[in-house]
Amino acid sequence: PNTMWRENGILLSVTRAKGFDNMEHILPGTSALYDVTITNESPYREGLSLGLVMATDDSYSGSVGGNTKDLSMTINGGAKIPAFGGMYSLNDVPSTDDNGDLIHSVMTLRVDKGAESNSYSGLALKLVSECEYYLASAQLYRDPISTDNAVLGGTGVVAWERVCPPVTWSFETWSKYADYTVSSTSSEYLNVTVTNPD
């Protein structure tokens, strides 16, 4: 269907969802949220069947899949985006509204921490032509039509805070300071230093 022409002009961006600090200091047990925006500038201004694929940014030079080990990415609470080049299908991504004006399609990308690391880098997504994606393994002489890799949040880095272990006082501390009063003539504060072993 002449996809090289009809499926040209597709744009993708992945930005931090408003109100969420997704670059670092993400609280344990919470998700990183991003806005995925697709602009379909197809020359025919027609809806297209596209797919989202996990990718890496240019700064990543590690092993394939090494920066996504046990990481979970879902779109709008739906199915996960597969690893190792698997595709998440997006059927009929629109180009224009009823007035013929160009529109943007926006979705939420949820990233959940894996068990093996607290920090991930080089994370990106790209859009591919669904038609050409399925032809690429045997019938295409080139890679399928795709966008440039869209780096998550502009940096590709997602980091979670470590879980803090519970803090309690030893028996000796309770015995000595449970009813301890600090003299107001010498100091109005009792300074306590707690070290987190993690």
Side-chain angles (χ1 to χ4, degrees), residues 7-42 48-91 93 102-130 132-134 136-137 140 142-164 198:
E7 297 186 351
N8 198 11
I10 309 302
L11 304 175
L12 172 69
S13 70
V14 184
T15 57
R16 288 184 293 164
K18 291 182 179 179
F20 289 87
D21 179 8
N22 292 334
M23 295 179 67
E24 52 186 270
H25 308 304
I26 303 172
L27 295 178
T30 61
S31 304
L33 298 179
Y34 297 88
D35 291 332
V36 177
T37 304
I38 300 171
T39 306
N40 176 2
E41 296 182 355
S42 166
L48 297 175
S49 292
L50 305 171
L52 280 172
V53 177
M54 291 176 64
T56 58
D57 67 14
D58 294 336
S59 67
Y60 181 73
S61 60
S63 57
V64 176
N67 64 327
T68 59
K69 291 173 66 177
D70 199 36
L71 199 65
S72 175
M73 294 188 181
T74 57
I75 293 289
N76 281 354
K80 295 180 180 179
I81 301 176
F84 291 99
M87 184 183 66
Y88 180 92
S89 294
L90 300 169
N91 297 320
V93 177
L102 196 66
I103 59 174
H104 305 288
S105 300
V106 181
M107 298 162 287
T108 297
L109 170 69
R110 179 183 296 272
V111 181
D112 291 310
K113 188 182 86 67
E116 296 193 27
S117 179
N118 288 297
S119 179
Y120 299 82
S121 62
L123 300 176
L125 292 179
K126 70 177 177 179
L127 271 175
V128 297
S129 161
E130 185 177 53
E132 292 199 357
Y133 175 85
Y134 289 117
S137 61
L140 279 183
R142 54 175 172 76
D143 291 333
I145 291 173
S146 66
T147 62
D148 292 334
N149 294 349
V151 179
L152 270 61
T155 65
V157 176
V158 186
W160 281 264
E161 292 287 347
R162 294 178 179 272
V163 177
C164 291
D198 197 25

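All heavy atoms count here, side chains included; hydrogens, waters and symmetry mates do not.
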| Side-chain (Ser49) to main-chain (Glu130) donor-acceptor, under 3.5 angstrom | no
| Given Leu109, which of Thr74, Leu33, Leu125, Asp35 fulfils the side-chain contact (heavy atoms from CB on, under 4.5 Å) condition? | Leu125
| said: Can you tell me which residue among Val93, Ile145, Leu12 is in a side-chain contact (heavy atoms from CB on, under 4.5 Å) with Leu50? | reply: Val93
| Between Ser31 and Ile26, what is the shortest heavy-atom contact and its length? | O-CG2, 4.3 Å
| said: Checking the side chain of Tyr120 only, and the main-chain atoms of Leu71 only, is there a donor and an acceptor separated by less than 3.5 Å? | reply: no
| note | Applying salt bridge (charged side-chain N to carboxylate O under 4.0 Å, His left out) to Lys80 and not counting sequence neighbours gives none
| query | With no hydrogens and no angle check, is any side-chain donor or acceptor of Asn118 less than 3.5 Å from a backbone partner on Arg162? | reply | no
| query | Looking at CG of Leu102 and OG of Ser42, how far apart are the two atoms once the value is rounded to the nearest 0.5 Å? | reply | 10.5 Å
| Taking only residues two or more places apart in sequence, or in another chain, which ones meet Asp57 in a side chain to side chain donor-acceptor pair (under 3.5 Å)? | Ser59
| note | For Tyr134 and Ser89 the tightest heavy-atom approach is OH-OG, 4.0 Å
| field | Enclosure of Asp58 CG (heavy-atom neighbours >12, cutoff 6.0 Å) | value | no
| field | Distance (rounded to the nearest 0.5 Å) between Asn149 CG and Leu123 CG | value | 11.5 Å
| request: Quickly, which of Ile10, Val53, Leu52, Val14 forms a side-chain contact (heavy atoms from CB on, under 4.5 Å) with Lys126? Name it, please. | output: Val53
| request: Supply the atom-to-atom distance Ser121 OG to Leu152 CG, rounded to the nearest 0.5 angstrom. | output: 11.5 Å
| task | Check each of Thr37, Asn40, Thr39 against His104 using the side-chain hydrogen bond (donor to acceptor under 3.5 Å, both in side chains) test, and report the only one that passes. | result | Thr39
| At what distance, to the nearest 0.5 angstrom, does OG of Ser13 lie from CG of Leu127? | 10.0 Å
| Between Trp160 (side chain) and Gly29 (backbone), is there a donor-acceptor pair under 3.5 Å? | no
